Each structure stands twice: as structure tokens, then as C-alpha cells.
Amino acid sequence: MLRYYKIARILILFTFLIALQIKGYAQPLRVAVAANAQSVIKKLQADFKKRTGIELEVIIGASGKLTAQIMNGAPYEIFLSADTEFPDQLFAKGYGLKSPKVYALGSLIVCGSVKGEVKNWQSLLKSSQVKKIAIANPKTAPYGKAAQESLKFFGLENDIASKLVFGESISQVNTYIQTSAVEVGFTTEAFLYERVDHSKVKWVRVDPKSYGKIEQAAILLKYANQTNLDKATQFYNYLSSPSARKIIDANGYHLPL
């Protein structure tokens, strides 16, 4: 009887260990993604799953907030930032397994549903028909920082300071634009590829000389060592593949050399 009891315990323990392994194997890869890339990541996610069978769990947020979460122990295995500064900080502080790599170059636009022309957007922002201008929080969102730099470059900071509405992330800015809560906003060119109907918004690219280059970097995080290192490495490498680059290029971004 005692012998059968011991065998039963061993079988239960063995079944439990197998279940843990299956659970760990089935655990999706957790990828933190800057809000500006929430549209393109869906396409990358689908293409990557089609090629590898690996599921991604995507967490969207402002780059600065995601960085703070990672430093506070958030269980993310890869981070796609809207800049290089936040991933560089993480790598310098020991949160990364490999130095960050640039996977896309962003483009800043002025966009809105205004009656006037947006081509001369500097004059438009100062006009009476524009009462609210949305930009993302420059402290946590790289596209907000780029917008702030551009306003300073063109000498508009003081003229339109009272009109500025700050979004927590670029996705909140996009919501303000889509719902006409603001007349215009500074956002990413990729926003245009999220919309089915482009006819209701007017837009123009902001001169890239007026803001720092928006190099969007990916970093393989140290947390992957505890969970899905092989899967995480596969996705990290996939971002440089011809397939991924084609998707990135077709959705409002430029490609790094």
C-alpha cells in the first residue's frame, strides 16, 4: 500500500511538472511598444506568428512610462521605444541583454480637420481658427519632444503656449485629432495608416531639420532570461528581416540603413 502511495505521489508530481512546462511553453512573448507603433505592431505581430507560430502579448504606452515600468520590474521581454534614449538608459543600467538597435525612423506631421490650408502650418497655428493644438508629453513621448523642438525652432513656443493640449502619449493625441477635440495636433506620419478614411484630415510633414532625428530602437530585455529567451531573440532578429522592414516601410516609417 505504501509503495502504491509513493508511486501515486511521483505520478502527481511528474504531471504537475509537465503542466508547468507546458504552461511556460505556451506563455506569449510580452512586448512593450511605444504608442506611435500600435498600428504597425499589429501587422508585425500577425506576420511573425504566421512565420514562427509564436504569439505576442503587446503592451502599449508612452516610451517613458514603459521604461519606468521596466525599471520597476514589469515582466516585458522586448521593448520597442519611439527613440534611442530610453533603451540606451535601460541598457546602461543593466536591463538589456544586447545593446539597442534602431528598427525604424519616425516622421513628424501636423494634422487636423481645419478649414484652412495646413501647408503653411506655422501661420495656421497662430491664427484665430485654431484654438487647441495637441502634442504628446515631451517628458515621456519622443514625438512630443520632437514637436516641442520644432515649435522652438520656428519661434512659436510663446505665441501658441496657451493653445497647447498635452496628451499622455501619441495615441491620446491621435484620439484628440480623430474626435476633433483639437483643431490640429503634432503626431506621427504612421497615424495616417491607422485611418480608413483620410479625407477628413489635412496634414503636412514637419521639416525634419527642425527636430532631432526620431530613431526608434528595440531592446532585448534581461527579463527574457527567465522566460522566453529563444522566442524573444527570434522576434528581436525578425525586426531586421526583409519581411519586417517591408511592413515598417509601408506604414509611415523610414528604414535605417
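Just so we're clear, the structure is a prediction, and the values are computed from it rather than from any experiment.
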For this session: Could you tell me whether the side chains of S210 and D207 share a donor-acceptor contact shorter than 3.5 Å?
Result: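 The answer is no; no qualifying pair exists.
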
For this session: Verify the distance criterion only: is there a donor paired with an acceptor across the side chains of Y223 and N228 at less than 3.5 Å?
Result: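 Checked: Y223/N228 side chains show no N/O donor-acceptor pair below 3.5 Å.
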
In plain terms, say whether [X] and [Y] are close enough for a salt bridge, that is, a side-chain N and a carboxylate O under 4.0 Å apart.
X    : Y    : answer
R205 : E189 : yes
R51  : D47  : yes
E183 : K131 : no

Got a second to check how far [X]'s [atom1] is from [Y]'s [atom2], nearest 0.5 Å?
X    : Y    : atom1 : atom2 : result
L66  : M71  : CG    : CE    : 12.0 Å
S127 : K163 : OG    : NZ    : 5.5 Å
E77  : T227 : CD    : OG1   : 3.5 Å
F186 : I109 : CZ    : CD1   : 10.5 Å
T67  : K93  : OG1   : NZ    : 9.5 Å
E157 : L164 : CD    : CG    : 9.0 Å

Mind checking whether [X] and [Y] have side chains closer than 4.5 Å, heavy atoms only?
X    : Y    : answer
V184 : V114 : yes
I177 : T187 : yes
V182 : I133 : no
K101 : S240 : yes
I54  : Q234 : yes
T52  : F235 : no
I78  : L80  : yes
V102 : T84  : yes

Within one Ile-Leu-Val-Met-Phe-Trp-Tyr cluster: [X] and [Y], side-chain cutoff 4.5 Å:
X    : Y    : answer
L221 : I60  : no
I214 : F154 : yes
I219 : L97  : no
L125 : L108 : yes
Y211 : V118 : yes

Problem set entry | Q178 and F191: CA distance, side-chain angles, deciding distance, side chain to side chain contact (heavy atoms under 4.5 Å, CB included) verdict | CA-CA 10 Å; Q178 287 176 307; F191 167 64; 3.7 Å; yes

Considering non-hydrogen atoms only, spot the tightest contact between [X] and [Y] and give its length.
X    : Y    : value
Y236 : A218 : CE1-O, 3.7 Å
S63  : F86  : CB-CD1, 3.6 Å
V206 : S150 : CG1-OG, 3.2 Å
I248 : A104 : CG2-CB, 3.7 Å
A32  : Y76  : CB-CD1, 3.5 Å
L56  : V31  : CD2-CG2, 4.0 Å

Exercise. Is the backbone N or O of N237 less than 3.5 Å from a side-chain atom of S241, with the two atoms forming a donor-acceptor pair by type?
Worked result: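 Answer holds: no.
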
Exercise. With no hydrogens and no angle check, is any side-chain donor or acceptor of D249 less than 3.5 Å from a backbone partner on R245?
Worked result: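 No: the side chain of D249 does not pair with the backbone of R245.
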
Problem set entry | Stepwise side chain to side chain contact (heavy atoms under 4.5 Å, CB included) check, Y253 with S107 | CA-CA 7 Å; Y253 297 96; S107 174; over 6 Å; no

Exercise. Would you call the rings of F48 and Y238 parallel, tilted or perpendicular, where under 30° means parallel and over 60° means perpendicular?
Worked result: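 Ring orientation, 0 to 90° scale: tilted.
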
For this session: Might you confirm whether atom NZ of K43 has over 12 heavy atoms from other residues, nucleotides or ligands at distances under 6.0 Å?
Result: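 Check passes, neighbour count above 12.
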
For this session: Go through W121 and L156 one step at a time and tell me if the side chain to side chain contact (heavy atoms under 4.5 Å, CB included) criterion holds.
Result: CA-CA 11 Å; W121 62 268; L156 296 170; 3.8 Å; yes

For this session: Please name the residue in the list K49, K231, R30 that meets the salt bridge (charged side-chain N to carboxylate O under 4.0 Å, His left out) test with E55.
Result: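 So, applying the salt bridge (charged side-chain N to carboxylate O under 4.0 Å, His left out) to E55 and each of K49, K231, R30, only K49 qualifies.
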
For this session: With side chain to side chain contact (heavy atoms under 4.5 Å, CB included) as the test, would you mind laying out the steps for S171 and Q38 before giving the verdict?
Result: CA-CA 8 Å; S171 62; Q38 65 179 327; 3.2 Å; yes

Tabulate below the donor-acceptor pairs under 3.5 Å that side-chain atoms of residues 134-149 make, not counting sequence neighbours, or state none.
unit_1, atom_1, unit_2, atom_2, d
N137, OD1, K139, N, 2.9
Y143, OH, Q216, OE1, 2.7
K145, NZ, E85, OE1, 3.2
E149, OE1, G212, N, 2.8

